[in-house]
Amino acid sequence: MTRAFVFPGQGAQTIGMGKALAEAYPAAQAVFDEVDEALGEKLSDLIWNGDIADLTLTQNAQPALMATSMAAMRALEAEGAAVTDAAFVAGHSLGEYSALAAAGALSVADTARLLRTRGQAMQSAVPVGEGAMAAILGLDLEAVRAVAEEAAQGEVCQAANDNDPTQVVVSGAKAAVERAAEIAKEKGAKRAVMLPVSAPFHCALMQPAADVMAEALAAVEIKAPAVPLIANVRAEAVSDPDLIRQLLVEQVTGSVRWRESVQYMATQGVTETWEIGAGKALSGMIRKIDRAIAGKAVGTPDDVQNVVKSES
C-alpha cells in the first residue's frame, strides 16, 4: 500500500484540539511548548481554553493548526510510525507548512513564526470588508473560472481553491465575489455560499502578503524534505529547497490545486491517506476526487493507536 500524509488547512480549528494528544504523549506536549516559546505567548492556552472567535483569527489559526498536526505527527512517531512511511506529504494552503515541518524541511519553531507572519500579512493585505470568498458547489473548475471572469468587471475575482469535483472557491473583491455567487447559480451551480473568512485568500489581492512572505522565507533554513512534497500551486512532487521556498511565496496569491494534487497522488500509486491533525475535511474531499483512495483521520490518541495497530 502506498500512502500519503496530508495536513489540514484553515477552517479545521476547534477549541481543545490536540489537548488529548498532549496529555497522552510527552512528545506532543513538547510541540505545543515549542510553539509557545517561538511565538512568545501561550498559544496553547488559546487553543485549549480560549474563545473560538480568537482562535479563528488567521494569525492564530495558522500556527495553531500546524501545532496540532505536528503534535499528532510526534504521537505517531512515539508509536513507531515515521514520515518516511509515506511516499508523499501534502497540505491544504497553510497545511503545506505543516507538511514541510513533518518532513523535516522546516523546524517547528520556524514554521510557527512563518505562519504567524503569514496570517498577519494575509489579514492586513486587504482592509476588512473589502474582500470575500465564496464556495461554488456543483460546477467544475473551468465553469467557475468562466463565472469569475464574467463577474470581475475590472475587479479581482479568481478561482482560489479547486477542492474537489463538486467544490471550487472563488476569491477577490467583495462585490465581484457576490456577483460570481449569483452568476454561478444562474449557470446551474447547486449552491453558492459566502464563506466566513476575514480576507480574500489565494488571489491577486494577496500580493502584499506574498511580498512579506518572500522576505520571511528568505531568512529561514529550508532543508530537502524526507519525502517529496506535493506543492499546492504545481500539483506535483517537489523536493528542492529553493523551489519549495519559491512555491510557498507563489502559493499566497496562487490557486490551491487540491483536486489535481490528489489525482497526481493516484497516478503515483497512492491508495491511502492519513489526515494528520484537526478534522476530516481533506478526507471528505479526497473521497469525492478518487474513491479508490482510503482516508484515515489521525487527530486523537485513539486515532494514533488505531492506524498504528492497522499496520502491525
Side-chain angles (χ1 to χ4, degrees), residues 7-13 17-18 21-22 27-48 50 54-74 83 89-125 198-199 201-202 206-226 229 231-233 241-254 256 276-278:
F7 297 83
Q10 216 160 318
Q13 65 275 2
M17 63 182 182
L21 288 166
Q29 176 66 56
V31 170
F32 289 104
D33 293 342
E34 188 174 353
V35 169
D36 286 350
E37 186 174 347
L39 298 179
E41 65 182 71
K42 290 283 283 184
L43 184 66
S44 59
D45 190 50
L46 171 60
I47 298 168
W48 296 336
D54 292 333
L55 181 60
T56 298
L57 291 172
T58 302
Q59 66 193 50
N60 293 327
Q62 296 199 18
L65 284 161
M66 182 277 298
T68 304
S69 286
M70 285 307 299
M73 194 69 227
R74 294 289 183 256
V83 73
V89 292
H92 193 281
S93 190
L94 84 91
E96 193 154 273
Y97 285 79
S98 307
L100 288 166
L106 286 167
S107 73
V108 169
D110 280 344
T111 310
R113 287 188 287 263
L114 284 168
L115 286 173
R116 168 55 57 83
T117 299
R118 183 177 182 267
Q120 290 170 333
M122 291 171 94
Q123 185 61 67
S124 61
S198 53
F201 306 130
H202 300 291
M206 287 287 112
Q207 188 57 49
D211 296 340
V212 169
M213 290 313 296
E215 193 173 319
L217 285 157
V220 300
E221 181 184 15
I222 300 179
K223 298 174 182 169
L229 170 79
N232 281 189
V233 295
D242 290 333
L243 178 57
I244 288 169
R245 197 186 310 271
Q246 174 195 324
L247 296 180
L248 287 173
V249 176
E250 289 180 18
Q251 189 227 56
V252 179
T253 56
V256 176
I276 298 176

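Being a predicted model, the structure only gives us computed values, none of them experimental.
Taking CG of Leu115 as the start and CD of Gln59 as the end, the distance is 12.0 Å to the nearest 0.5 Å. Atom CG of Leu55 is separated from atom CG of Leu65 by 7.0 Å, given to the nearest 0.5 angstrom. Distance check, rounded to the nearest 0.5 Å: CE of Met66 to OG1 of Thr111 gives 5.0 Å.
With sequence neighbours excluded, the residues forming a salt bridge (charged side-chain N to carboxylate O under 4.0 Å, His left out) with Lys42 are Asp36, listed by chain and number. In terms of the side-chain contact (heavy atoms from CB on, under 4.5 Å) criterion, residue partners of Ser69 (sequence neighbours excluded) are, by chain and number, Phe7, Pro8, Ser98. Partners of Thr253 by side chain to side chain donor-acceptor pair (under 3.5 Å), not counting sequence neighbours: none found. Partners of His92 by ring-ring contact (aromatic ring centres under 6.0 Å, His included), not counting sequence neighbours, listed by chain and number: Trp258. Partners of Ala105 by side-chain contact (heavy atoms from CB on, under 4.5 Å), not counting sequence neighbours, listed by chain and number: Leu100, Ile222, Pro225. With sequence neighbours left out, the side chain to side chain donor-acceptor pair (under 3.5 Å) criterion links Asp54 to no other residue. Annotation: side chain to side chain donor-acceptor pair (under 3.5 Å) contacts of Asn60 (sequence neighbours excluded): Arg116. Looking at residues two or more places apart in sequence or on another chain, you find a side chain to side chain donor-acceptor pair (under 3.5 Å) between Ser198 and Thr58, Gln123.
Sorted pairs that involve residues 97-124 and meet ring pair (Phe, Tyr, Trp, His ring centres under 6.0 Å), not counting sequence neighbours, are lacking altogether. Residue pairs meeting the salt bridge (charged side-chain N to carboxylate O under 4.0 Å, His left out) criterion with at least one member in residues 95-110, sequence neighbours excluded: Asp110-Arg113.
Closest non-hydrogen pair, Glu221 versus Leu106, comes out as O-CD2, 3.7 Å. Nearest heavy atoms, Ala112 versus Val35: CB-CG1, 4.0 Å. Of all the heavy atoms in Ala99 and Gly91, the pair that sits closest is CB-N, 4.2 Å. The nearest pair of heavy atoms linking Ala102 to Met70 is N-SD, 3.5 Å. For the residue pair Gln13 and Gly11, the shortest heavy atom distance occurs at OE1-N, 2.8 Å. The shortest non-hydrogen separation linking Pro241 to Lys223 is CG-C, 3.7 Å.
Put simply, the side chain of Val249 does not reach to within 4.5 Å of the side chain of Gln246, judged on heavy atoms. Residues Phe32 and Leu43 fail the side-chain proximity criterion, which asks for heavy atoms closer than 4.5 Å. Inter-residue side-chain proximity for Leu94 and Met122 is flagged as unmet; no heavy-atom pair is nearer than 4.5 Å.
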Side-chain polar contacts of residues 207-215 - donor-acceptor pairs under 3.5 angstrom, sequence neighbours left out - could you list them?
{"residue": "Gln207", "atom": "NE2", "partner": "Asp211", "partner atom": "OD1", "Å": "2.8"}

Would Val89 and Met73 satisfy side-chain contact (heavy atoms from CB on, under 4.5 Å), going step by step from the backbone distance to the final call? CA-CA 12 Å; Val89 292; Met73 194 69 227; over 6 Å; no

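Only one option out of Gln62, Arg118, Gln251 pairs with Ser93 in a side-chain hydrogen bond (donor to acceptor under 3.5 Å, both in side chains); it is Arg118.
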